[in-house]
S.K.: 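One structure, pasted below without further comment.
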Amino acid sequence: MAQHHVLSAIVLVTCILCYYNSCNCGFVFDDISAIKDNRDLRPHTPIKNVFLNDFWGTPMHKEQSHKSYRPLCVLTFRWNYLFHQLEPLGYHLVNMLLHGVVCLMYFRMCSMFLPEISSFVAAMLFAVHPIHTEAVTGVVGRAETLSSVFFLAAFLFYSNATKRKKVTGWQHLTLSMICVAIAMLCKEQGITVTGVCVVYEIFVAQKLRVSDLQYLVRWLVSGKGAVNNSWTPDVTRRLAVLFASTVGLLVLRLQIMGSKLPVFTRFDNPASVAPTPSRQLSYAHLISVNLWLLLFPCDLCCDWTMGTIPLIESVTDPRNATTLAAVVVLGLLCHTALTTSNRQQATVLIMGLALLVLPFLPASNLFFPVGFVVAERILYMPSMGFCLLIGYGWNILFEKERLRRAAWMCLGVLLFVHGCKTYTRNYDWESEYSIFMAGLRVNQRNAKLFNNVGHALESQGRFEEALQFFHKAVSVQEDDIGAHINVGRTLNHLKMYKEAEDAYLKAKSLLPKAKPGESYQARIAPNHLNVFLNLANLIAKNETRLEEADLLYRQAISMRADYTQAYINRGDVLLKLNRTKEAQEVYERALFYDSNNPDIYYNLGVVFLEQGKAPQALAYLDKALEFDPEHEQALLNSAILLQELGRAELRKVARERLLKLLRKDATNERVHFNLGMLAMDDRDVAGAEHWFRQAVQLKEDFRSALFNLALLLADDHRPLEAAPFLNQLVKYHPDHVKGLILLGDIYINTIKDLDAAENCYKRILQLDPENIQGLHNLCVVYVERGELVRAEKCLARAHLMAPHEDYVLRHLKIVQTRIAKLQLSTDANDASSEVPVEAESQNLHKTIPDFSRRGNLDSSDEVRRATSSDVNSGRGEAGTQGKRINRRPAQPPVYVNNVPTGSTTKKVLRASLEYSEYPPDLPNPLEASDRDTPSFS
């Protein structure tokens with residue numbers, strides 16, 4: 001027992017040494033869809049959603065669902081998120097520990113069939129095998145490791161239930177069936193353990209041979225004939241429980257799937273759409289490919305789809321020889337296992353083959369086509385049987401005295417080489433760029449890899465380099481719709497709009513044509529419809545082509561009525577066309593298909609803002625926050641609306657929302673600005689100054705922050721501190737009239753630079769010749785200089801422009817009076833007459849209208865809707881919320897404004913644009929004449 005514990009510790013330490021560097025890896029490939037973009041992980045999402053949606057967060061009843069139902073695995077991701085949100089370290093640490101647990105349990109299982117030292121060898125080989133890096137280092141590989149824990153637990157419990165010959169250990173059997181169910185709810189392969197238990201029951205527990213099986217079948221069918229003496233009613237009951245449990249779980253699984261298989265494209269699994277006999281020959285060839293990966297895991301690749309393994313077109317293809325060799329080897333092993341007189345050899349071979357073959361069956365395309373060609377993580381469970389067979393082979397060598405030393409040397413070399421390969425392979429999973437470039441080093445026939453490298457570069461802003469990889473993807477797979485979409489999107493980023501439109505039109509031409517009587521949406525990958533969105537978004541940049549863009553959105557919707565992203569983007573175009581009522585109807589229709597989408601509620605809030613219905617807008621923004629409390633745009637805009645209501649208790653809620661945004665992103669200048677506005681509402685001058693300064697520091701040309709900070713300082717009797725900010729304001733925004741007026745006022749009153757003040761007011765009149773305030777203040781400059789005649793003409797002009805402004809008329813009379821006094825005076829040096837002139841001119845200047853403390857709104861600051869200005873083509877082929885292409889095919893893409901993240905998953909469209917100023921038609925304690933109002937786009 002002590003030796004067993006020591007060997008177990010060695011196995012565990014080996015696991016840690018091989019995989020500890022995986023903790024430095026980030027989220028890559030499928031991790032983006034399953035972790036970063038999966039709303040089911042967020043604490044605010046109802047826990048029931050985990051059991052209603054697939055592994056990627058898509059409702060199981062939807063056609064675009066991948067049908068991978070693994071709620072217990074998703075629960076562990078949710079627990080990870082609860083403790084450390086999206087910090088990858090915790091996720092990788094759990095995966096590494098789970099692999100260690102599996103290795104220990106596997107060591108325990110091998111001890112049932114092999115001597116302890118040979119079991120240790122098998123466990124060590126399993127611990128370091130490089131084929132496991134995808135399952136352990138890739139976060140989504142947790143489905144394999146977690147399912148394997150309960151797979152092995154189910155088998156160990158079942159073996160305990162059969163220990164007593166004539167009595168069943170029902171407690172252990174019950175625990176075994178519970179573990180089977182849990183294993184299946186972690187990963188579909190888990191249910192295959194029942195087949196392993198059946199093999200164990202018949203060939204190991206009951207020790208039946210081939211001849212015994214003939215009698216057993218005859219006895220089961222006719223009730224006649226003899227049966228093995230060890231066969232008891234309890235054996236029949238155990239097998240009946242296994243059969244009933246398996247059928248029950250399969251029926252449940254089919255019910256959850258809605259009795260529908262997932263929709264895959266020909267790029268995901270080319271053989272699935274190949275004609276006979278190419279399909280059968282290609283499927284059979286994959287057996288030898290998987291066995292080769294177990295034997296020689298040298299060239300590993302994260303994606304084996306598309307053209308990675310060319311189809312076998314005829315029986316004369318030389319690769320058929322490898323298929324034949326694999327079948328012959330497996331057949332010989334089966335024949336030996338069933339006919340050998342060596343009981344231990346028979347047991348090990350039978351169990352090794354059962355563990356090798358049965359867990360692989362769901363991925364073999366034998367019962368249904370799968371969405372991949374080869375997936376290394378799928379070999380995690382089958383490698384248990386492989387390592388068991390290798391352990392037995394090593395044991396044969398070890399038992400021969402003269403070969404014992406050679407056996408140890410070969411084992412040492414094998415473990416060292418595999419361990420080093422595993423350790424270095426972990427570094428490939430460090431980032432998206434590294435994992436896809438590693439794939440290209442061994443696989444140049446897969447367009448997805450080129451696309452995903454392009455996405456990785458695109459996410460770093462390296463568009464020209466990304467474009468080269470996208471063009472390469474097109475050359476490798478000319479009919480890859482996603483690759484053409486990626487080319488178009490990258491050209492759009494490079495502002496080559498005509499070329500981008502041509503690329504989108506080429507992708508559109510490759511879409512399958514509709515056939516009479518055949519469902520179109522069953523024949524097209526949802527992410528391929530992104531071509532309509534990308535093309536429409538590009539066209540919509542030209543306001544004269546908005547109707548054309550709307551037509552493209554409607555065409556996409558006609559192809560898939562549940563294509564919510566098309567509804568969202570169409571709503572944006574309708575708003576640009578001032579058809580707000582139609583936009584509202586479009587968003588409400590989108591809610592019919594996706595009632596849990598916070599971005600749709602957010603956009604509806606924007607629609608009601610456009611309609612001037614602030615209460616309804618606030619209600620929809622709050623609804624968006626109900627579904628996603630972290631929704632940044634809803635947090636910001638609802639905080640502004642709450643602030644505008646002018647109630648102290650609502651300002652407190654607004655401040656909490658803004659501070660929440662600040663904790664998420666301390667570099668968002670708009671959050672700092674609006675916190676400053678809240679401080680102004682509370683008459684907290686120091687606080688407002690702090691937040692405005694922070695906003696200006698983050699964005700030196702922030703129009704509203706610069707003006708409000710200068711206004712705050714001027715009102716606080718610090719005009720010299722305000723002047724630099726006003727100069728900075730007019731430097732970046734030379735058309736800011738209010739800033740020019742305030743700057744001119746400071747030049748006159750404080751700095752005494754009349755020339756600079758005159759330039760400010762003349763600039764205002766250039767921008768707006770009818771601006772009465774700018775003209776009046778220019779007149780004041782003339783008065784200050786003593787140019788009374790010029791001032792009189794100026795004020796007379798102002799009076800003609802604004803005859804109802806009393807202060808203009810009053811000041812005109814003052815100047816006229818002074819001119820009359822000067823004309824009647826006979827003594828030009830009479831100083832007594834100069835005193836009233838100075839007093840009058842000073843009094844004249846003081847009548848310049850003051851600014852409201854809330855004059856903060858600029859038309860340049862707008863409300864924007866949650867749309868995708870350039871939708872990524874989807875991780876499934878072209879890559880989606882600018883990243884990579886996901887191995888999982890036919891999934892809805894992830895959208896983020898101008899950021900490709902592609903995938904077959906879903907990160908919903910993130911509304912990345914917002915307004916930071918006050919919307920019109922909202923109550924404000926300030927006079928309307930003193931406020932700038934924003935325009936909404």
Side-chain angles (χ1 to χ4, degrees), residues 533 536-537 539-547 549-550 553-554 557 564-592 594 597-625 627 631-646 654 657 670 674 677 704 856-869 895 897 908-924 928 931-937:
L533 268 64
N537 291 342
I539 289 173
K541 291 180 179 180
N542 184 344
E543 293 188 358
T544 64
R545 302 180 69 185
L546 291 177
E547 293 287 355
D550 182 45
Y553 291 133
R554 285 188 282 124
I557 291 170
T564 55
Q565 193 54 53
Y567 289 102
I568 291 175
N569 285 27
R570 184 178 180 227
D572 179 59
V573 167
L574 290 172
L575 286 172
K576 290 179 181 178
L577 292 168
N578 293 320
R579 290 152 62 180
T580 57
K581 187 62 178 176
E582 287 184 65
Q584 178 182 339
E585 293 172 354
V586 166
Y587 289 136
E588 288 172 347
R589 184 65 178 172
L591 283 178
F592 176 79
D594 190 359
N597 191 326
D599 289 311
I600 301 176
Y601 290 105
Y602 171 78
N603 285 358
L604 274 168
V606 174
V607 169
F608 283 110
L609 274 178
E610 296 280 357
Q611 297 173 355
K613 301 176 181 178
Q616 293 94 322
L618 184 59
Y620 275 101
L621 292 177
D622 286 341
K623 189 68 174 178
L625 291 173
F627 286 101
H631 196 292
E632 296 182 10
Q633 287 66 47
L635 282 169
L636 178 60
N637 290 295
S638 64
I640 295 171
L641 286 176
L642 290 169
Q643 176 186 357
E644 277 299 306
L645 294 177
R657 292 183 179 182
R670 292 179 180 272
N674 284 289
M677 297 307 300
S704 298
N856 62 297
L857 301 180
D858 297 308
S859 60
S860 61
D861 298 302
E862 305 167 348
V863 174
R864 302 175 184 151
R865 289 161 291 286
T867 64
S868 62
S869 62
Y895 303 100
N897 278 355
V908 292
L909 172 70
R910 225 4 122 201
S912 65
L913 304 176
E914 70 286 327
Y915 72 89
S916 64
E917 319 303 345
Y918 295 96
D921 304 325
L922 291 183
N924 195 289
R931 298 177 64 246
D932 293 325
T933 56
S935 64
F936 298 87
S937 67

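Any value given below was found using the heavy atoms of this structure, including those in side chains, with hydrogens, waters and symmetry copies removed.
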S.K.: Work out which heavy atom in Asp622 is nearest to a heavy atom in Arg657; give both atom names and the distance.
M.R.: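 Shortest heavy-atom contact: OD1-NH1, 2.9 Å.
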S.K.: With a 4.5 Å heavy-atom cut-off, do Leu625 and Tyr601 have their side chains touching?
M.R.: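 Leu625 does not reach Tyr601 side chain to side chain.
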S.K.: Please report the shortest heavy-atom distance between Val607 and Thr580, naming the atom on each side.
M.R.: CG1-O, 3.8 Å
S.K.: For Glu547, give me all partners under salt bridge (Lys or Arg N to Asp or Glu O under 4.0 Å), at least two apart in sequence or on another chain.
M.R.: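 Glu547 satisfies salt bridge (Lys or Arg N to Asp or Glu O under 4.0 Å) with Arg579 once adjacent residues are dropped.
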S.K.: Of the non-hydrogen atoms in Leu621 and Ser638, which two are nearest, and what is the gap between them?
M.R.: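 Shortest heavy-atom contact: CD1-N, 3.7 Å.
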S.K.: Kindly write out the residues that satisfy side chain to side chain contact (heavy atoms under 4.5 Å, CB included) with Asn542, not counting sequence neighbours, or none if the list is empty.
M.R.: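 With neighbours one apart ignored, the set is Thr544, Arg545.
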S.K.: Can you sort out the partners of Arg589 under salt bridge (Lys or Arg N to Asp or Glu O under 4.0 Å), two or more places apart, ordered by chain and number?
M.R.: none
S.K.: May I ask you to check whether Tyr602 and Tyr620 place their ring centers less than 6.0 Å from one another?
M.R.: no
S.K.: State which residues pass side chain to side chain contact (heavy atoms under 4.5 Å, CB included) with Ala654; sequence neighbours excluded, sorted by chain then number.
M.R.: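 Result, side chain to side chain contact (heavy atoms under 4.5 Å, CB included) vs Ala654: Ala639, Leu642, Leu678.
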S.K.: Is a donor from one side chain sitting under 3.5 angstrom from an acceptor on the other, for Tyr587 and Asn597?
M.R.: no
S.K.: Asp572 and Tyr553: side-chain hydrogen bond (donor to acceptor under 3.5 Å, both in side chains), yes or no, with the steps?
M.R.: CA-CA 11 Å; Asp572 179 59; Tyr553 291 133; over 6 Å; no
S.K.: List the steps, then state whether side-chain contact (heavy atoms from CB on, under 4.5 Å) holds for Asp599 with His631.
M.R.: CA-CA 8 Å; Asp599 289 311; His631 196 292; 2.6 Å; yes
S.K.: Residues two or more places apart in sequence or in another chain: which of them pass side chain to side chain contact (heavy atoms under 4.5 Å, CB included) with Ala590?
M.R.: Tyr567, Ile600
S.K.: Please find the pair of heavy atoms, one from Ala549 and one from Val573, that lie closest to each other, and give the distance.
M.R.: CB-CG2, 4.4 Å
S.K.: Indicate the atoms forming the closest heavy-atom contact of Gln584 with Leu604, along with that distance.
M.R.: O-CD2, 3.8 Å
S.K.: Is the shortest heavy-atom distance from the side chain of Lys576 to the side chain of Glu543 under 4.5 Å?
M.R.: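 No, their side chains stay 4.5 Å or more apart.
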S.K.: What pairs with Lys581 under salt bridge (Lys or Arg N to Asp or Glu O under 4.0 Å), at least two apart in sequence or on another chain?
M.R.: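 With neighbours one apart ignored, the set is empty.
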S.K.: For a quick test of reading the model, state the closest non-hydrogen atom pair linking Ala634 to Ala624 and the distance between them.
M.R.: CB-CB, 4.1 Å
S.K.: Taking C-beta and beyond as the side chain, do Leu641 and Leu609 meet within less than 4.5 Å on heavy atoms?
M.R.: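 Leu641 reaches Leu609 side chain to side chain.
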